[in-house]
Amino acid sequence: MDIILWGLAGASALVYLPLTGHAPALWRSGIKTAPLSLFALLALLHGGSFWLIFGLILSALGDLALSRDGERNFLIGLVSFALAHLCYVFLFWGEVNTPFWLAIVILAGVALSTELWLAPHTGDLRGPVRVYVVLISLMTVLALSLPQELRLASVGAVLFLFSDLILAIQLFRMTPGTQAARSAGYLLWTLYICGQGAILLAFVPRVWGLS
């Protein structure tokens, strides 16, 4: 069963990859939502943490919202992913022994830098985007402070962070429909799926026969 679910998740992620720049459609939304929905099902079947399962479910809801047009759907997607990051904050918090101070300094710098290159371009969404930046930065700091046996989650969180940085550039700093915007879509989707899969594997290694 696990192999089938992983196969379906991987297949849907690959099928969606060339569709990242296509116009919104219900069938496209279904394909985009499938990988994280299947990740959540895998976590549920193997007794994953409440915070992990709901982080994955909220991510799937975020994928659905961002696959639709309009500022309202974007805001729903932003809130969904912000709550997903909050779930991961609680998931990681209980595993951290010693804060990684270098990560705190670097992520604080990244978060503050968004006031220069991102916030001025977000219009009415400036407030929600700022809250989101704080949450994903906190999530990544905690992930980088995880113990050795959970370092795969650290890698996953960093990939997730990079995918969101690319998404922010694509949405607010690039012209839609250009080759650069399309390439950014391919890259951020790849990083996002790999990052979420790494977090799942780190906390529920049984889903891949690792324990």
Side-chain angles (χ1 to χ4, degrees), residues 1-44 52-85 87-88 118 121-123 125 128-129 132-133 136 139 155-201 207-208:
M1 175 63 76
D2 291 349
I3 296 296
I4 294 173
L5 293 177
W6 273 108
L8 289 172
S12 55
L14 287 173
V15 169
Y16 182 76
L17 186 60
L19 303 175
T20 54
H22 286 219
L26 286 176
W27 61 270
R28 176 178 174 272
S29 297
I31 295 172
K32 183 175 185 180
T33 309
L36 269 293
S37 299
L38 291 165
F39 283 178
L41 178 58
L42 280 162
L44 178 64
L52 174 63
I53 294 168
F54 274 86
L56 294 169
I57 290 173
L58 286 164
S59 296
L61 291 175
D63 287 335
L64 176 61
L66 293 182
S67 71
R68 312 305 297 165
D69 268 338
E71 186 173 300
R72 178 174 176 273
N73 284 319
F74 175 78
L75 187 57
I76 292 172
L78 188 70
V79 171
S80 295
F81 276 112
L83 291 174
H85 289 310
C87 285
Y88 289 156
L118 179 59
H121 304 274
T122 54
L125 294 171
V129 168
Y132 187 88
V133 167
I136 191 171
M139 183 274 291
V155 174
V158 171
L159 294 178
F160 203 163
L161 172 69
F162 278 123
S163 74
D164 271 353
L165 289 174
I166 295 169
L167 178 62
I169 294 169
Q170 182 196 48
L171 290 175
F172 297 111
R173 301 302 305 269
M174 288 184 174
T175 303
T178 61
Q179 182 58 49
R182 287 192 294 271
S183 298
Y186 302 149
L187 179 57
L188 74 88
W189 177 250
T190 302
L191 294 174
Y192 168 71
I193 292 297
C194 291
Q196 292 273 32
I199 293 171
L200 171 62
L201 281 171
V207 300
W208 200 234

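Atoms considered below: every heavy atom in the structure, side chains included; atoms not considered: hydrogens, waters and symmetry mates. All figures in this text were calculated on a predicted structure; none of them were measured in a lab.
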Under 3.5 Å, sequence neighbours excluded: what are the donor-acceptor pairs made by side chains of residues 185-200?
unit_1, atom_1, unit_2, atom_2, d
W189, NE1, A13, O, 2.9
T190, OG1, Y186, O, 2.9
Y192, OH, D63, OD1, 3.2
Y192, OH, D63, OD2, 2.9
Q196, OE1, Y88, OH, 2.6
Q196, NE2, S59, OG, 2.9

Donor-acceptor under 3.5 Å (T33 side chain, G30 main chain): no
Backbone of L19 reached by a side-chain donor or acceptor of R28 within 3.5 Å: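 The answer is yes, because a donor-acceptor pair under 3.5 Å joins these two groups.
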Ignoring hydrogens and angles, write down the donor-acceptor pairs under 3.5 Å from the side chains of residues 75-84, residues two or more places apart or on other chains.
unit_1, atom_1, unit_2, atom_2, d
S80, OG, I76, O, 2.9

Distance check, rounded to the nearest 0.5 Å: [X] atom [atom1] versus [Y] atom [atom2]?
X	Y	atom1	atom2	answer
L38	L56	CG	CG	11.0 Å
L125	L118	CG	CG	10.0 Å
I57	L36	CD1	CG	10.5 Å
L171	I166	CG	CD1	12.0 Å
L44	L52	CG	CG	10.5 Å

For S67, all residues meeting side chain to side chain donor-acceptor pair (under 3.5 Å), sequence neighbours excluded: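 With sequence neighbours excluded, S67 shows a side chain to side chain donor-acceptor pair (under 3.5 Å) to S29, given in chain and number order.
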Taking every non-hydrogen atom, the tightest pair across R68 and L26: NH1-N, 3.5 Å
Non-hydrogen atoms of A9 and S12 that approach each other most closely: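 So the minimum-distance heavy-atom pair works out to O-OG, 2.9 Å.
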Contact check, side chains of I169 and M174, non-hydrogen atoms, under 4.5 Å: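 They are in contact (side-chain heavy atoms under 4.5 Å apart), so the answer is yes.
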Ring pair (Phe, Tyr, Trp, His ring centres under 6.0 Å): pairs with one or both residues in residues 18-43, sequence neighbours excluded: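 Applying ring pair (Phe, Tyr, Trp, His ring centres under 6.0 Å) to every pair that reaches into residues 18-43, excluding sequence neighbours, yields W6-F39.
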Where at least one partner belongs to residues 174-184, residue pairs that pass side chain to side chain donor-acceptor pair (under 3.5 Å), sequence neighbours excluded: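 Side chain to side chain donor-acceptor pair (under 3.5 Å) check on residues 174-184 returns Q179-R182, Q179-S183.
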Residue pairs passing the side chain to side chain donor-acceptor pair (under 3.5 Å) test where at least one lies in residues 155-170, sequence neighbours excluded: H85-D164, Y132-D164
CZ (F162) with more than 12 external heavy atoms under 6.0 Å: no
